[in-house]
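Below you'll find the structure, written out as structure tokens, and then a few comments.
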Amino acid sequence: MSHDKGKHKKNKGKHNNHNNPPADITEPEKTVGDGSPDPDYPRYRVDPGQRVRLKDVDPNDTAHFKEKEDSFDDLAKQVERISGLQERLYAENKQSLLIVLQAMDTGGKDGTIRGVFDSVNPEGCQVWSFKAPTPEELAHDFLWRIHEKTPERGMIAIFNRSHYEDVLVVRVHDLVPKEVWKKRYDLINNWEQLLTESNTVIIKFYLHISRDEQKERLEARRDTPDKQWKFHTSDLAERAHWDDYMTAYEDAINKCSTDYAPWYVIPANKKWYRNLVIARTIADTLEAMNPQFPPPEENISDIVIPD
Ligand code: AMP
Ligand code: MG
């Protein structure tokens, strides 16, 4: 999905106004490797100006990985990297990372969080799930409740659903007039740029499952006692709008994949491949951010700790 590399670099080096070298988070693979990572996550990134058609993205894609077992060692390695880099990010206390997860029901947002962040120190990582807005939230602008949850310096925040619902479910169900939601793409881009200018790096993942896969997962929820709590008949109503959602997702992704806050469209029918690709993308992005432990106080090795 990423071609025309290097064409959209107008912000390069500008969105990290602290003392570290500027990170190229749009193409982290160039900062932290030779440009050809495995799995090849850059091909799932949507270039600014590109028009992705979700029909053309194979949700079953697992690249050269044949089965789950092929991913174990790699996933463990990436999870370990994330954990170490998160510690540096927290200690450095200068920049933050915002990870947006969006998907259809059963798309695997919760499973991704469990699979990718299970070794991260909970003190440095927050997960926020956005449900239908409360009356108080609805009485404000649509970004009000979201802005409050953005990560402070040193932190990683994961959004399980996000401000994008305001151009997804809201659009599909006409919850506000078209004139209102139409303006939100630019508003979102501007707002994400504001965050970026304040040292928050943003990466966004759309977990791409097929309609058939959703059917199987809903059936599993219906039939498995430990999963039944997750089954809501309202999910069937959303499923009936599948095509409208795909159109809304395409617009959200195409209009809001910027060089400062890229969207990645992740093949997600195979949970293990989804986790592997996302873990690698996050690990490389964190490494490109180049978080550093603050220097110790001077001459601490000479200090005798009193009995
Ligand atoms: P779940 O993530 O399955 O717990 O469901 C949360 C529900 O909240 C989903 O059906 C979302 O579509 C809905 N939701 C989240 N944000 C909004 C929003 N801004 N407006 C309306 N519904 C929303
Ligand atoms: Mg749900």
Side-chain angles (χ1 to χ4, degrees), residues 54 98-117 126-150 157-189 191-192 202 204-211 213-253 255-256 263 266 268-269 271 274 278:
L54 290 173
L98 170 59
I99 297 162
V100 171
L101 297 179
Q102 283 287 160
M104 297 294 286
D105 288 309
T106 75
K109 301 185 297 308
D110 302 290
T112 300
I113 296 168
R114 278 197 307 275
V116 174
F117 289 92
Q126 289 163 308
V127 181
W128 301 107
S129 299
F130 293 97
K131 312 279 180 187
T134 63
E136 189 191 20
E137 289 167 347
L138 278 176
H140 292 83
D141 70 85
F142 76 102
L143 292 171
W144 181 74
R145 66 174 184 156
I146 314 286
H147 206 155
E148 199 202 350
K149 305 300 187 199
T150 54
I158 304 164
F159 283 0
N160 181 341
R161 303 188 191 269
S162 66
H163 45 304
Y164 283 94
E165 291 293 332
D166 291 282
V167 290
L168 294 167
V169 62
V170 166
R171 169 177 169 170
V172 169
H173 289 287
D174 288 320
L175 300 182
V176 301
K178 184 172 183 186
E179 305 86 79
V180 174
W181 60 253
K182 236 174 41 186
K183 291 187 186 148
R184 289 184 172 170
Y185 303 100
D186 285 343
L187 293 169
I188 287 173
N189 286 340
W191 180 74
E192 290 183 355
I202 306 170
K204 302 173 297 202
F205 297 101
Y206 168 61
L207 317 181
H208 182 48
I209 57 164
S210 62
R211 204 162 186 244
E213 179 68 19
Q214 190 193 51
K215 182 169 198 261
E216 280 181 30
R217 292 185 188 186
L218 285 170
E219 285 167 352
R221 283 186 183 181
R222 180 196 59 197
D223 300 337
T224 315
D226 289 358
K227 291 185 177 174
Q228 281 168 347
W229 66 275
K230 278 191 170 195
F231 187 91
H232 304 290
T233 43
S234 61
D235 292 350
L236 301 184
E238 298 310 310
R239 177 174 166 78
H241 293 284
W242 187 274
D243 291 343
D244 293 339
Y245 269 109
M246 291 304 109
T247 306
Y249 265 110
E250 282 176 358
D251 272 351
I253 291 165
K255 290 177 192 287
C256 299
W263 270 107
I266 305 295
N269 274 8
K271 297 170 182 172
R274 171 201 76 201
I278 292 178

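Throughout, residue positions are numbered sequentially from 1 according to the sequence presented. Note that these values count all heavy atoms, side chains included, but never hydrogens, waters or copies made by symmetry. First listed ligand is number 1; within each ligand, the first listed atom is number 1.
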| said: Tell me whether the rings of Y249 and Y245 are parallel (<30°), tilted (30 to 60°) or perpendicular (>60°). | reply: tilted
| task | Rounded to the nearest 0.5 Å, what's the gap from CG on L98 to CZ on F159? Could you check? | result | 4.5 Å
| task | Measure from the side-chain N and O atoms of R161 to the backbone N and O of A132, and report whether any donor-acceptor pair falls under 3.5 Å. | result | no
| field | E165, any N or O under 3.5 Å of ligand 1 N or O | value | yes
| task | Please report the C-alpha distance between W263 and Y164 in whole Å, then the side-chain angles of each, then the deciding distance to 0.1 Å, and finally whether the ring-ring contact (aromatic ring centres under 6.0 Å, His included) criterion is met. | result | CA-CA 12 Å; W263 270 107; Y164 283 94; 4.9 Å; yes
| Which of the numbered atoms in ligand 1 are below 4.0 angstrom from a heavy atom of D166? | 19 (N)
| Contact (N/O only, under 3.5 Å) between Y245 and ligand 1 | no
| query | Looking at atom 4 (O) of ligand 1, what's its closest protein heavy atom, distance included? | reply | K131 NZ, 2.5 Å
| field | atom 8 (O) of ligand 1: the protein heavy-atom neighbour that sits closest, reported with distance to 0.1 Å | value | A132 N, 3.1 Å
| query | Backbone, side chain, both or neither: what part of R145 comes under 4.0 angstrom of ligand 1, heavy atoms only? | reply | side chain
| message | Tell me the contacting part of V170 for ligand 1: side chain, backbone, both, or neither, using a 4.0 Å heavy-atom threshold, strictly below. | response | side chain
| request: Record the part of R161 in heavy-atom contact with ligand 1 below 4.0 Å; permitted values are side chain, backbone, both and neither. | output: side chain
| field | Short N-O contact, K183 and E179, less than 4.0 angstrom | value | no
| F130 pairs by side-chain contact (heavy atoms from CB on, under 4.5 Å) with which of I146, D166, N160? | I146
| field | Nearest heavy atoms of S162 and Q102, plus distance in Å | value | OG-OE1, 2.7 Å
| field | Taking atom 22 (N) of ligand 1 as the reference point, the nearest protein heavy atom with its distance | value | V169 CG1, 3.5 Å
| task | Output the distance between atom CG (D141) and atom NE2 (H147), rounded to the nearest 0.5 Å. | result | 10.0 Å
| Region of D105 engaging ligand 1 - heavy atom pairs below 4.0 Å | side chain
| note | Near P133 (heavy-atom distance under 4.0 Å), the atoms of ligand 1 are 17 (C), 18 (C), 19 (N), 20 (N), 21 (C)
